Student: 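First the structure, which I've put down as structure tokens, then a few questions once you've had a look.
Note that the coordinates shown come from a computational prediction; the quantities given were computed from them, not determined experimentally.
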Amino acid sequence: MTPSAAEPAFEARWSPRATAVILSVWVAVCLALTAEPLAEHIAYFGERLGSVFAWAIGATLLGLCGWAALYLRLRERGLWRYEPRLLAGLAVAMVAWASPWALVVTALLFGLCYGAGSAALDRLGLTPPRPTARLGLAAAAGLGFLVLLLIPIGMAGLYSAGLFWVLTLAGCGLWRRRVAEIPALLRSLEEGWTDTVAAQSRLVGVAMAFLPAFVASFALAAVAPAISYDPVSHHMPAARHYLEGGRLEPLPVPAANFSEKWLFTLGHSVGYSYYPQSFEELLTFVWGLGGQPAAQLVAPLACALSLLLLIAVARLAGVSREACIVGAAAAFTLPFAHWTGAIAKNDYPLALFQLAALYAALTAKQAGRREWLVAGAFFMGLSVGVKHTAVFVSFPVGLLLLWELRRRAQPLRLAAAMAAVFLAAGFFWHVRAYVLTGNPFYPAGAARSVSTTPAIDGTTPSRWTTHLLYPWYLHFDGVKVMESPSGSPAGFYFLFFAPLWALYRRRQASANEAAVLFVLLVFYLYWAYIWGVLRYGLAPALLFAVLTADRLAAWAGQGRGSSRAARLTLGYCFAFALLPTLMLEVNAPQLAWYAKRLDREGYLRAAMADYPAIAFLNGRMGPEDRALSLNNCSSAYAVDPARFRCVRYEGVFEPDLEEKFVEIVGQSDPSYLVLPVNPMGGRVRRLLTGRFGPPIFEDGHFMVLEREER
């Protein structure tokens with residue numbers, strides 16, 4: 001039960017004066033700690049675009065802070081009523097300007113999945129009361145059904161754009177009454193906004209002042225042709241391969257005896273399509289409907305749905321409406337989360353299913369219906385079908401489900417049903433990998449789930465200090481925890497507001513919040529021990545952001561001085577978060593492309609070092625030719641991803657690795673070889689003298705060699 005406005009949900013543990021002193025000192029320390037990262041991020045733009053641009057970035061941040069102060073006054077005159085419509089309109093307009101057909105296809109996908117999921121939930125009597133939960137949960141269920149349906153279709157070799165259109169139109173027609181509910185639910189969301197006092201909060205106003213900048217950056221990154229490593233080397237090549245071949249079969253690896261050891265030494269991109277492929281299936285489906293621009297919007301759609309479910313879970317946990325709004329905004333603007341939602345990565349689809357499973361577990365705890373436990377098992381299984389890292393959250397959520405299971409009649413029978421649903425929803429991919437390779441986790445191994453792995457920068461963390469050091473790294477040494485040029489990929493939201501957890505406590509315990517905190521604690525102990533990549537903890541980070549916002553709202557509600565301090569601190573966090581977000585998502589050629597001064601080809605050549613060599617090969621390779629590349633893995637843009645395979649290695653190329661790569665070249669027998677223009681590529685080229693001729697293409701990044709006639 002959410003406490004009334006007359007009785008605040010939180011109370012300070014100490015006197016107002018002591019609380020104010022502690023927070024003042026903490027904020028001052030944080031400002032001192034973040035001054036250098038702030039200067040470094042501004043200098044980043046100056047180094048690449050000139051000192052004038054660095055000054056412009058700094059002035060823009062100051063301008064945004066001034067705008068936030070002005071906007072707080074403007075919105076009090078009634079502008080706050082239109083904020084959801086204005087933000088949604090900005091996103092839709094920006095996508096429509098660049099890719100109108102992709103927007104239409106995404107709307108059809110949402111309608112199809114919501115229709116199917118809503119019908120299934122209603123049939124089981126699992127109708128969430130709030131529109132946030134109904135939209136998010138039904139669409140998540142529909143996406144899950146689509147993923148499972150695409151498996152037998154792909155195994156039968158029936159993937160085609162025509163069939164995908166038949167499924168889409170038939171589904172939208174079959175569930176047309178459900179699809180017709182969507183506008184009414186969206187209006188309900190807007191009415192809920194205008195009918196609540198929380199939306200008029202000045203703390204909410206600070207978030208609304210900064211959100212347009214984040215929405216614009218998000219839309220730009222979502223619609224521009226993909227250039228990030230994972231989308232162009234893992235996800236999109238697999239989707240293209242499935243669609244063009246019509247069959248759900250893995251991409252070939254460069255050599256038949258390419259062992260697990262070498263896969264993870266030289267780079268696992270070569271065997272990625274043996275992993276769980278639910279996300280890639282969705283990309284395949286949408287690619288068939290609307291091409292690459294539409295496929296790139298699958299992850300942004302999952303991001304939007306995840307935020308709806310985040311609010312739904314938070315409300316079950318007793319989070320106030322004001323904190324839900326501020327927390328969802330803070331979650332959306334976490335730089336790493338913002339970036340991974342804007343590009344074609346599988347982290348948000350994973351988070352969507354994880355949040356749906358947690359919602360089902362919490363609802364089962366309240367409602368007591370057995371069907372919610374089965375639904376939780378279903379969503380948890382779907383998360384396992386996205387990627388192996390689902391285990392970090394599946395484990396504690398599974399414990400919640402089992403805890404609730406003990407209170408039900410015939411628990412063994414129910415447990416068997418849940419296990420069957422869980423396995424059916426997520427473990428096809430493991431069975432497939434076992435049949436093809438003899439290893440259900442290929443190209444990984446089960447040992448990776450219990451052993452500490454190296455940090456991204458190559459260092460080896462100590463398992464005894466990792467839980468203490470990880471928070472420091474994600475704020476000040478981000479290259480260890482994420483593939484990012486920013487040292488602060490999480491921003492500073494968690495840093496500034498961490499003491500609020502010690503300074504404020506709930507007046508009345510919330511069992512659901514305790515359950516969520518249990519999930520977060522068990523997740524962190526497991527994930528940090530393994531040394532998980534930051535984005536692998538996406539769903540927990542979103543949850544922690546909104547729970548922290550509940551304490552932030554309590555601070556802001558302690559009086560005028562506290563409210564002003566809370567707003568200023570939150571504004572600083574938003575302003576800083578924009579810098580790593582822009583570093584990750586926006587570049588000068590992208591702006592020129594969006595302004596239609598560059599076409600797709602021109603943008604890729606200007607923004608992507610890998611592309612010119614691939615474009616050259618696309619015009620030269622014959623139907624039977626194959627290419628092998630070292631460190632140019634952007635096979636999404638190759639003429640055929642199955643015939644352009646890559647080995648990726650970062651670090652010192654030791655002699656044994658050189659010999660291994662030469663062995664791979666011999667076994668793969670490529671017609672063309674792509675090597676980096678650096679000492680590594682030079683040494684490999686010398687080792688292959690007599691087998692490949694001089695470069696037939698070379699730029700500042702890569703060279704292309706052609707096999708000598710034999």
Side-chain angles (χ1 to χ4, degrees), residues 225-242 244 250-255 258 260 262-275 277 279-280 283 292 295-296 340 343-346 387 442-444 456 458 482-485 533 535 584 604-605 607-618 621 625-651 653 657-658 660-662 664-665 667-668 670-678 680-681 684-685 697-705:
I227 60 173
S228 296
Y229 176 75
D230 281 6
V232 299
S233 66
H234 297 352
H235 308 303
M236 296 199 306
R240 271 195 58 197
H241 178 61
Y242 301 150
E244 293 171 4
L251 283 160
V253 296
F258 210 52
E260 177 184 321
W262 293 105
L263 279 167
F264 281 98
T265 301
L266 295 172
H268 66 276
S269 61
V270 292
Y272 185 85
S273 58
Y274 285 88
Y275 281 153
Q277 295 287 286
F279 175 63
E280 288 72 22
L283 292 187
Q292 180 182 333
Q296 288 184 195
T340 199
I343 63 175
K345 293 175 74 71
N346 57 9
K387 60 195 307 181
Y442 182 87
I456 289 178
M482 184 179 165
E483 320 91 322
S484 164
V533 177
R535 57 189 173 82
L584 288 164
L604 290 173
R605 287 185 178 275
M608 193 176 187
D610 293 3
Y611 186 75
I614 292 176
F616 172 81
L617 278 174
N618 288 347
M621 288 177 63
D625 289 333
R626 297 184 306 278
L628 179 67
S629 170
L630 176 61
N631 283 6
N632 183 330
C633 297
S634 302
S635 56
Y637 294 114
V639 65
D640 181 357
R643 295 188 289 118
F644 183 94
R645 305 310 298 139
C646 169
V647 174
R648 184 174 179 85
Y649 182 79
E650 295 179 357
F653 213 47
L657 297 180
E658 293 176 359
K660 183 64 181 181
F661 183 74
V662 171
I664 293 169
V665 172
Q667 292 176 345
S668 303
S671 309
Y672 297 93
L673 190 63
V674 181
L675 298 174
V677 179
N678 60 21
M680 180 193 302
V684 171
R685 180 185 168 190
F697 169 89
E698 185 173 351
D699 61 8
H701 303 284
F702 291 96
M703 67 180 93
V704 178
L705 312 179

Student: Classify the angle between the aromatic ring planes of Phe697 and Phe616 as parallel (below 30°), tilted (30 to 60°) or perpendicular (above 60°).
Tutor: parallel
Student: With heavy-atom distances below 4.5 Å as the criterion, would you say the side chains of Ile614 and Ser634 are in contact?
Tutor: yes
Student: State, yes or no, whether a side-chain contact exists between Val232 and Ser635 at a heavy-atom distance under 4.5 Å.
Tutor: no
Student: Between Asn632 and Phe644, what is the shortest heavy-atom contact and its length?
Tutor: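 Result for this residue pair: O-CE2, 3.4 Å.
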Student: Check whether any side-chain heavy atom of Lys387 lies under 4.5 Å from a side-chain heavy atom of Asn346, and answer yes or no.
Tutor: yes
Student: Could you give me the CA-CA distance, side-chain angles and deciding distance for Lys660 and Val665, then say whether side chain to side chain contact (heavy atoms under 4.5 Å, CB included) is met?
Tutor: CA-CA 9 Å; Lys660 183 64 181 181; Val665 172; over 6 Å; no
Student: Quick one: are Leu628 and Cys646 in side-chain contact, heavy atoms under 4.5 Å?
Tutor: no
Student: To the nearest 0.5 angstrom, please state how far the CG atom of Asn631 sits from the NE2 atom of His701.
Tutor: 13.5 Å
Student: Rounded at 0.5 Å granularity, tell me how far CG in Leu630 sits from CG in Leu673.
Tutor: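 So the CG of Leu630 and the CG of Leu673 are separated by 8.0 Å.
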Student: Compute whether any side-chain donor of one residue and acceptor of the other, for Tyr242 and Gln277, lie under 3.5 angstrom apart.
Tutor: yes
Student: Output the distance between atom CZ (Arg240) and atom CE (Met236), rounded to the nearest 0.5 Å.
Tutor: 9.0 Å
Student: Given side chain to side chain contact (heavy atoms under 4.5 Å, CB included), test Lys345 with Phe279 step by step and report yes or no.
Tutor: CA-CA 8 Å; Lys345 293 175 74 71; Phe279 175 63; 5.6 Å; no
Student: Distance-only, no hydrogens or angles: does the Arg645 side chain make a donor-acceptor pair with backbone N or O of Ala627 under 3.5 Å?
Tutor: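 The answer is no, because no donor-acceptor pair under 3.5 Å joins these two groups.
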Student: Strictly below 4.0 Å, N to O, side chains only: are Asp230 and Arg535 in salt-bridge contact?
Tutor: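 Yes.
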Student: Could you tell me which non-hydrogen atom of Asp610 sits nearest to which non-hydrogen atom of Cys633, and how far apart they are?
Tutor: OD2-N, 3.8 Å
Student: Which pair of non-hydrogen atoms, one from Ala226 and one from Met608, has the smallest distance, and what is that distance?
Tutor: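 So the two residues come closest at O-SD, 4.4 Å.
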Student: Begin from the C-alpha positions of His234 and Tyr229 and carry the test ring-ring contact (aromatic ring centres under 6.0 Å, His included) through to its verdict.
Tutor: CA-CA 8 Å; His234 297 352; Tyr229 176 75; 5.4 Å; yes
Student: What's the separation between atom CZ in Arg626 and atom CG in Asp640, rounded to the nearest 0.5 Å?
Tutor: 11.5 Å
Student: List the atom of Arg643, the atom of Val639, and the distance in Å for their closest heavy-atom pair.
Tutor: NH2-CG1, 3.9 Å
Student: Going from CG on Leu675 to CZ on Phe661, what distance comes out if it is rounded to the nearest 0.5 angstrom?
Tutor: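 Taking CG in Leu675 and CZ in Phe661, the distance rounds to 6.0 Å.
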Student: What heavy-atom pair brings Pro612 and Asp699 nearest, and what distance separates the two atoms?
Tutor: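 For Pro612 and Asp699, the tightest heavy-atom pair comes out as CB-OD2, 3.5 Å.
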Student: Can you name the side chain to side chain contact (heavy atoms under 4.5 Å, CB included) partners of Pro250, sequence neighbours left out?
Tutor: Ser273, Tyr274, Arg432, Leu436
Student: For the residue pair Tyr637 and Tyr611, does the interplanar ring angle fall in the parallel (under 30°), tilted (30 to 60°) or perpendicular (over 60°) class?
Tutor: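 Perpendicular.
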Student: How far does CD of Glu280 sit from CG of Leu251, to the nearest 0.5 angstrom?
Tutor: 10.0 Å
Student: What pair of heavy atoms forms the shortest contact from Val674 to Ala613, and how long is it?
Tutor: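 Result for this residue pair: CG1-CB, 4.5 Å.
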Student: Is there a side-chain contact between Gln296 and Ile343 in this structure, where contact means two heavy atoms from C-beta onward sitting under 4.5 Å apart?
Tutor: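 In short, these two side chains do not touch, never coming nearer than 4.5 Å.
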Student: Using modelled atom types only, decide if a donor and an acceptor are shared between the side chain of Ser228 and the backbone of Pro231 within a distance under 3.5 Å.
Tutor: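 Flag not set: sc Ser228 to bb Pro231 has no pair under 3.5 Å.
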Student: Under the side chain to side chain contact (heavy atoms under 4.5 Å, CB included) rule, what do Glu698 and Val704 come out as? Steps first, then yes or no, please.
Tutor: CA-CA 6 Å; Glu698 185 173 351; Val704 178; over 6 Å; no
